[in-house]
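Take a look at the structure below.
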Amino acid sequence: MKQRILVACVGIPVILLVLYVLPAPLTPALIAVLSVVGTYEALHAIGMNHPRIALYTAAIALAVPFWVYFGQPHEWGLLVLLIYLMVVFSEGFASGFRVKIDRVGAGFFFAVLISYCLSSVVRVGALELRTSYIFLPIMIPFAVDAGAMLIGMLLGKHQLAPRLSPKKTVEGSVGGLVAGLVVTILYGVVIRFITHVEVNFYFMAVYGLLGGVMTEVGDLAFSYFKRTRKLKDFGRVLPGHGGVLDRFDSVIFCAPLMELLIFWLPAFTKGGTT
């Protein structure tokens with residue numbers, strides 16, 4: 001528990017610094033680093049032990065956030081994909097069938113899934129009210145995870161999904177949803193006070209509730225991945241948490257939903273305009 005709190009005390013200010021204070025291009029750089037480490041953890045989990053194919057796959061994960069940030073030029077994205085296909089299958093041919101195609105496919109799937117979904121933070125950061133929206137895709141999963149853990153430890157009695165994650169409880173799940181809702185509403189109050197934008201708190205409540213549900217789905221999805229591979233954690237990068245995927249698994253699911261909700265139900269507007 002102490003390690004988790006210490007990592008949070010260091011990590012959250014670093015994230016806030018990158019998102020709000022440092023130059024905008026450092027946001028895709030942060031997402032790229034998280035994507036590469038997360039992809040490496042996923043490759044290790046599926047047993048992808050071919051170093052060059054793993055390197056090429058990690059390079060895809062590294063490139064996607066910058067591809068998103070610079071406007072997704074179609075021709076460059078297509079060129080990178082074609083080069084990746086050529087070199088990966090060339091390595092596969094040269095290996096004499098030692099590299100299994102299912103692992104190649106799974107590696108590419110996780111690289112794109114992790115990097116493109118996390119890049120929702122980059123896309124949200126390109127919106128007009130960037131400073132109001134950009135922390136939402138990260139804040140809500142963090143709040144839900146913390147609320148679920150604390151309430152589960154204090155009140156948890158009924159297991160939520162014993163085969164996937166024996167420590168998760170129904171009480172913790174409900175506590176996480178409530179925490180996500182409350183923190184999102186409070187965030188709206190703070191943003192309104194600091195920036196004087198108009199805030200639709202009904203939409204903020206939708207963000208908190210649906211984001212909380214997607215957060216818990218993402219957490220269970222990656223628990224399913226770990227159980228099928230007989231893993232306790234994806235890595236040891238973050239003491240008390242495990243790997244990047246152990247900490248950001250719920251963000252991978254929640255961030256794209258937040259991006260959609262922000263477009264469909266914009267909660268922040270200037271000067272009361274709609």
Side-chain angles (χ1 to χ4, degrees), residues 24-126 137 214 217-218 221-231 234-235 237 243-260 263:
L26 287 180
T27 296
L30 171 65
I31 298 302
V33 170
L34 294 175
S35 298
V36 169
V37 177
T39 297
Y40 172 80
E41 291 172 351
L43 293 173
H44 178 73
I46 63 175
M48 171 55 77
N49 54 12
H50 192 291
R52 286 190 296 276
I53 292 181
L55 178 62
Y56 305 145
T57 306
I60 289 286
L62 178 70
V64 167
F66 292 102
W67 178 62
V68 169
Y69 178 76
F70 288 108
Q72 303 183 14
H74 174 74
E75 63 275 14
W76 287 109
L78 186 59
L79 177 62
V80 170
L81 179 60
L82 288 175
I83 293 173
Y84 173 80
L85 292 174
M86 290 176 61
V87 296
V88 165
F89 280 99
S90 294
E91 293 286 356
F93 301 154
S95 74
F97 299 103
R98 289 192 300 273
V99 178
K100 302 299 182 182
I101 189 62
D102 57 341
R103 293 181 180 175
V104 173
F108 181 70
F109 168 78
F110 280 111
V112 174
L113 170 73
I114 293 167
S115 59
Y116 196 75
C117 288
L118 286 179
S119 292
S120 285
V121 177
V122 178
R123 291 186 290 271
V124 169
M214 190 60 76
V217 170
F222 276 87
S223 292
Y224 169 70
F225 181 21
K226 285 191 288 188
R227 295 300 168 264
T228 58
R229 302 301 301 177
K230 295 180 172 59
L231 297 173
F234 283 107
V237 176
V244 164
L245 290 182
D246 295 294
R247 174 64 276 181
F248 288 88
D249 52 0
S250 50
V251 179
I252 292 169
F253 273 62
C254 184
L257 175 64
M258 286 298 103
E259 181 184 359
L260 290 174
F263 279 108

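Start at 1 with the first residue, then count along the sequence. Just so it is clear, the structure is predicted and the values come from calculations on it, not from any experiment. Note: hydrogens, waters and symmetry copies are ignored here, and every other heavy atom, side chains too, is used.
Surrounding CZ of F234 are more than 12 heavy atoms belonging to other residues, nucleotides or ligands, all under 6.0 Å away.
A cation-pi arrangement, defined by a distance under 6.0 Å to the six-membered ring centre and an angle within 45 degrees of its axis, is absent between R123 and F263.
Closest of all the heavy-atom pairs between A29 and F66 is CA-CZ, 3.7 Å. Scanning all heavy atoms of the two residues, the minimum distance from F253 to A221 falls at CZ-CB, 3.6 Å. Contact detail for C117 and A255: the closest heavy-atom pair is O-CB, 3.7 Å. In this structure, P137 and M258 approach most closely via the heavy-atom pair CA-CG, 3.9 Å. Annotation for E259 and S120: closest pair OE1-OG, 2.8 Å, computed over non-hydrogen atoms. Contact detail for A54 and M48: the closest heavy-atom pair is CB-CG, 4.4 Å.
For the pair I114 and L245, the minimum side-chain heavy-atom distance is below 4.5 Å. Using a 4.5 Å cut-off on side-chain heavy atoms (C-beta onward), T39 and F110 make no contact. In this structure the side chain of F108 never reaches within 4.5 angstrom of the side chain of V88, judged on heavy atoms. The shortest distance between side-chain heavy atoms of Y116 and V68 falls below 4.5 Å.
Between the side chain of R227 and the main chain of L231, a donor-acceptor pair closer than 3.5 Å is present.
Here the options are I31, I252, L62, V64, the test is side chain to side chain contact (heavy atoms under 4.5 Å, CB included), and the partner is S115; only V64 passes.
T57 and Y84 are linked by a side-chain donor-acceptor pair at a separation below 3.5 angstrom, with hydrogens and angles left out of the test.
In this structure, F93 and F89 have tilted ring planes: the angle between them lies in the 30° to 60° band.
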